[in-house]
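Here, residue 1 is the first one in the sequence, and each next residue gets the next number. In what follows, every heavy atom counts, from backbone to side chain, and hydrogens, waters and symmetry copies are set aside.
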Amino acid sequence: MLLLVSLPLKPHTASSLFSARVYEIFGIQIQIICLAPEFHAFIQIHIHFALTTNSLRIMSLQLALSTPFLLSPCSAYRLNPLLFPQRRLCFAFTRWTFTLIKPRFFAVAASENGAFTSPEVAKSFDFSSEERIYNWWESQGYFKPNLEQGSDPFVVSMPPPNVTGSLHMGHAMFVTLEDIMVRYNRMKGRPTLWLPGTDHAGIATQLVVERMLASEGIKRADLGREEFIKRVWEWKEKYGGTIANQIKRLGASCDWTKERFTLDEQLSRAVIEAFIRLHDKGLIYQGSYLVNWSPNLQTAVSDLEVEYSEEEGALYHIKYRVAGGSRSDFLTVATTRPETLFGDVAVAVHPKDDRYSKYIGRMAIVPMTYGRHVPIIADKHVDKDFGTGVLKISPGHDHNDYLLARKLGLPILNVMNKDGTLNEVAGLYCGLDRFEARKKLWSDLEETGLAVKEERHTLRVPRSQRGGEVIEPLVSKQWFVTMEPLAEKALHAVEKGQITIMPERFEKIYNHWLSNIKDWCISRQLWWGHRIPVWYIDGKNSEEDYIVARNSDEALDKAQEKYGKDVKIYQDPDVLDTWFSSALWPFSTLGWPDVSSEEFRKFYPTTMLETGHDILFFWVARMVMMGIEFTGTVPFSYVYLHGLIRDSQGRKMSKTLGNVIDPLDTIKEFGTDALRFTLALGTAGQDLNLSTERLTANKAFTNKLWNAGKFVLQNLPSQTDLSSWESALAYQFDKEESLLKLPLPECWVVSKLHILIDTVTASYEKYFFGDVGREVYDFFWSDFADWYIEASKARLYRSGDGSVASVAQAVLLYVFENILKLLHPFMPFVTEELWQALPNRKEALIVSSWPEKSLPRNTNSIKKFENFQALTRAIRNARAEYSVEPAKRISASIAASEEVIQYISNLNIERCLNQCVRLCGFVISSPNLVSTSPFRQSYGVIIKQLFILLLILCSTNVLSTLK
């Protein structure tokens, strides 16, 4: 048994905030706590005993001393909800009060089905409950668009991650930002559709399956095309859902009933239709052109799939003798790839380079080619200061040389096979791997005296993003799309404001790329993907005689009509570039080419396209071009471009550096909400440095939110206390006259909330998500938690005044539930958990209505409370400056007008009371203080009353009553 007694210190003993003594009488421990004179005494006894074997009840008895300054019997509970976290049933016996404590719960519909946990029974938010909450949302159908709402839909097409993919921070970034947009607009009352899906990822998926087969000793060629594709589909069915499940862990509220895959039947039909329409308009053609060739993958790859790395290499200086000249007449060429000299068709110098002007128009002899001559030409694009100022032109193996050769009408020589070995054009070097040939050639040049020197040089090496091997520019027969007429329409769309790109600076990059666009190579030498819908006539020239059709039956009918019944046809073995199907994503996923379909009519064009700025050209611009071409309108109205995720030092994340942060590991340690909040605080288009420190800080923010919810719940009336709830719910905060009737702290915090709602809503509408996060964070932590919650304790714990407590309860609930709404798009899990724990929740937070704007606010109350805050901070700073002990109380002199002194004095008394007694482990409300001498009573009288109390407790009647 523990008996707690608090009584005032005499003035001459009040050197410290409190003192304590412990006595033991008749086996009962008595602790006497002596507080400073401004505080008042109460005696409290806790008796613990088991009523049954399965439950433990707590009996609380309070003794009210005979003094006008004593607290009421109910004050002890109100004073410290941490000590008394449960509601009580009171029985009054004359001047003694016995309290039977019973469990307190806020039951809501969602809690009854086990989907949610109240902060009253959980110390902190349990991250493991996130999947449970997500499954509950999905089971309730909250992710589907509610078309009954009637307003314009908000539609986002998720950038389809590769089906082979595993979640990384880039995925976490786009999921977070898109989910914020979707959740906000859902709460604003708009029908929202976030359409998910995955990309078949031709090269990546084929590589994965080929490696799997290689582990079994099987080669792709041994299986044949049909059997290999069958194996790929089997792999997809087994592992293809991994990335989707990982995206769900991030809280993505997309409509999974509409999930798409780029090789679905409907999307495949759209791809074939797009190819045929472009071909019929003359925008698709076949030809032999220079492409990025992957020798290991045996396919052309797009510019996006080529990554450049700076590597140490060499610059080789080689003599090209001038035909008909003396031994001193030669040009020295500097090259990083000497093996390509077999494909040289010219040697170029700058027309104003005096060193070589005398050789312009003459012929040079290509080394190691048995005297093959090439012209020496002048071109202003030659850099006089690079190397020797002499450029060898090898159009079959260099993109710049290729463009120059086409401009000047020079021939194109290809010296390389598709596997990276040299062909017959290389003479004695035929059959050697390109790198082996380089070493042998340089050795031979040294022997013949044609090698001048080899010097170290940093190279910008193009490597395959998928395979890692060095990419070889190679002339190959491919299918291309003529881009210029398509690009012109896409440029006009942005220029006319039909599409808004955010941040705005990316418009210049977008315009520059489209203004200098090249034709797009859309064919890939793979088996996995959309096969090109072209059939060739057996025995005819494939570049001239071919059939474009939707399927093989249609192709055969066309061929027979043109070439007779005995004609034989075969389909082009290549597949289309993955980006071709991705370019159709916004409308192919909604039913196109069937423009009469319900989904296409309701949800196209979409609203927003959110993605990384690094694929502005390769995906975003192509979607704009294809959308306008095939639907007659832009595919989306807004383009939001996010930056890259880097480590805390600003370095790109890579396995080599060992600085990769796994989102799933991060979620386990910090929670999804903390990760999302951290990512969302970045600025659009700028890279974000992610650090453990940021994640830790935002995990603390989640805990702070949870503890604030716990405080609010523990200080609300019981659900069965209808009169208290009637009083609390009677307060209206949407009318100015009601706001002005509130006490100063309540009027201040409600006014600040209403200003916050307007500011945050405006930031949401502008997609300034970083501003949203910082504004709500500052209000919750600085204004609500640090100031108003502390100020509310003075009202909640005030003795016997229910009206004073009810206004604080009403404001706490009103402000907190609006904070949850404002934060929900950022931190969906913890906010939904807290929302469901609040009483009388008739709907889920995810579908609740967004707070209204332009609600009343009182600037005068804000100014008054800010004066009080400034005064408090000034006193704290003064105490810190003079190293005043935290427990030591000092006097303060305030110089201000009478009005300011009056409201600051009232607030300061309550504030100081709460601050001081928190150090004792108690929270005591301020009574009606009177400037008179402090209450005094001899310790003898106190001890005498305690003995009387003990005798009563030992009586049989009292104990039986307690039971």
Side-chain angles (χ1 to χ4, degrees), residues 708 712 731-763 771-796 798 803-819 822 851-881 891-915 925-926 928-929:
V712 172
Y731 291 96
Q732 301 294 322
F733 303 106
D734 57 349
K735 295 181 175 57
E736 187 172 2
E737 56 271 20
S738 301
L739 182 68
L740 295 176
K741 293 178 183 178
L742 296 175
L744 181 56
E746 282 69 25
C747 186
W748 165 77
V749 75
V750 172
S751 296
K752 291 276 286 186
L753 172 68
H754 291 170
I755 294 173
L756 176 73
I757 291 172
D758 289 358
T759 305
V760 164
T761 303
S763 295
D771 292 346
V772 171
R774 286 183 285 271
E775 288 159 357
V776 180
Y777 180 98
D778 290 342
F779 173 81
F780 167 75
W781 203 295
S782 300
D783 294 337
F784 183 70
D786 285 357
W787 285 95
Y788 182 67
I789 281 183
E790 296 304 319
S792 70
K793 293 174 182 177
R795 307 190 188 285
L796 294 170
R798 179 168 294 180
S803 61
V804 174
S806 66
V807 67
Q809 291 168 337
V811 170
L812 280 171
L813 182 60
Y814 174 73
V815 175
F816 188 67
E817 67 181 8
N818 278 284
I819 288 174
L822 298 178
E852 293 184 12
K853 295 193 299 181
S854 303
L855 293 171
R857 71 285 314 266
N858 185 263
T859 55
N860 189 39
S861 295
I862 295 175
K863 183 178 179 181
K864 286 182 177 182
F865 200 85
E866 286 175 348
N867 287 338
F868 165 65
Q869 290 175 308
L871 173 63
T872 304
R873 294 188 184 103
I875 294 174
R876 288 174 179 170
N877 293 339
R879 290 175 64 96
E881 184 178 353
S891 60
S893 299
I894 304 171
S897 65
E898 183 176 350
E899 178 188 5
V900 173
I901 289 291
Q902 181 178 1
Y903 69 74
I904 284 183
S905 297
N906 293 335
L907 283 170
N908 197 37
I909 288 171
E910 295 181 351
R911 179 72 177 174
C912 288
L913 280 171
N914 284 292
Q915 283 182 332
S925 63
S926 63
N928 297 322
L929 296 181

Q: Is there a side-chain contact (heavy atoms from CB on, under 4.5 Å) between I755 and I862 once you walk through the steps?
A: CA-CA 11 Å; I755 294 173; I862 295 175; 3.6 Å; yes

Q: Rounded to the nearest 0.5 Å, what separation is found between the NZ atom of K853 and the NE2 atom of H754?
A: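 With rounding to 0.5 Å, NZ (K853) is 14.5 Å from NE2 (H754).
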
Q: Taking the side chain as C-beta and beyond, is there a heavy-atom pair between N858 and L742 under 4.5 Å?
A: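 N858 does not reach L742 side chain to side chain.
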
Q: Does the side-chain contact (heavy atoms from CB on, under 4.5 Å) test come out yes or no for D771 and R774, once each step is laid out?
A: CA-CA 5 Å; D771 292 346; R774 286 183 285 271; 3.2 Å; yes

Q: Before giving the answer on side-chain contact (heavy atoms from CB on, under 4.5 Å), spell out for V807 and R795 the whole-Å C-alpha distance, their side-chain angles and the decisive distance to 0.1 Å.
A: CA-CA 8 Å; V807 67; R795 307 190 188 285; 4.3 Å; yes

Q: Would you call L753 and Y814 a side-chain contact if the rule is heavy atoms closer than 4.5 Å?
A: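 They are in contact (side-chain heavy atoms under 4.5 Å apart), so the answer is yes.
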
Q: Using side-chain heavy atoms (C-beta onward) and a distance below 4.5 Å, is L756 in contact with D783?
A: no

Q: Kindly compute the distance separating CD1 (I789) from CZ (F816), expressed to the nearest 0.5 Å.
A: 8.0 Å

Q: Do W787 and T872 have side chains that approach each other closer than 4.5 Å (heavy atoms only, starting at C-beta)?
A: yes

Q: To the nearest 0.5 Å, what is the distance between CZ on F784 and CG on N818?
A: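 Between atom CZ of F784 and atom CG of N818 there are 10.5 Å.
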
Q: In terms of heavy-atom contacts, does CD of E736 have more than 12 from other residues, nucleotides or ligands at under 6.0 Å?
A: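 Not more than 12 within 6.0 Å, no.
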
Q: Give me the atom names and distance for the closest heavy-atom approach of K741 to E737.
A: CG-O, 3.3 Å

Q: At what distance, to the nearest 0.5 angstrom, does CD of E817 lie from CG of L822?
A: 11.0 Å

Q: Kindly compute the distance separating OG (S806) from CD (Q809), expressed to the nearest 0.5 Å.
A: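 Nearest 0.5 Å value for the OG-CD distance: 6.5 Å.
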
Q: Got Q869 and E866 here, is their nearest side-chain heavy-atom distance under 4.5 Å?
A: yes

Q: Say you draw a straight line from CG of L855 to OG of S751; how long is it, rounded to the nearest 0.5 Å?
A: 10.5 Å

Q: Go through the steps for Y788 and V815 under the test side-chain contact (heavy atoms from CB on, under 4.5 Å), then give the verdict.
A: CA-CA 10 Å; Y788 182 67; V815 175; 5.8 Å; no

Q: Do the rings of F865 and W748 sit parallel, tilted or perpendicular, given the 30° and 60° boundaries?
A: parallel

Q: Report yes if the side chains of S792 and V811 come closer than 4.5 Å at any heavy-atom pair, otherwise no.
A: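 The answer is no; the side chains never approach within 4.5 Å.
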
Q: Give a yes or no on whether the backbone of S854 and the side-chain of D758 come within a donor-acceptor separation of less than 3.5 Å.
A: yes

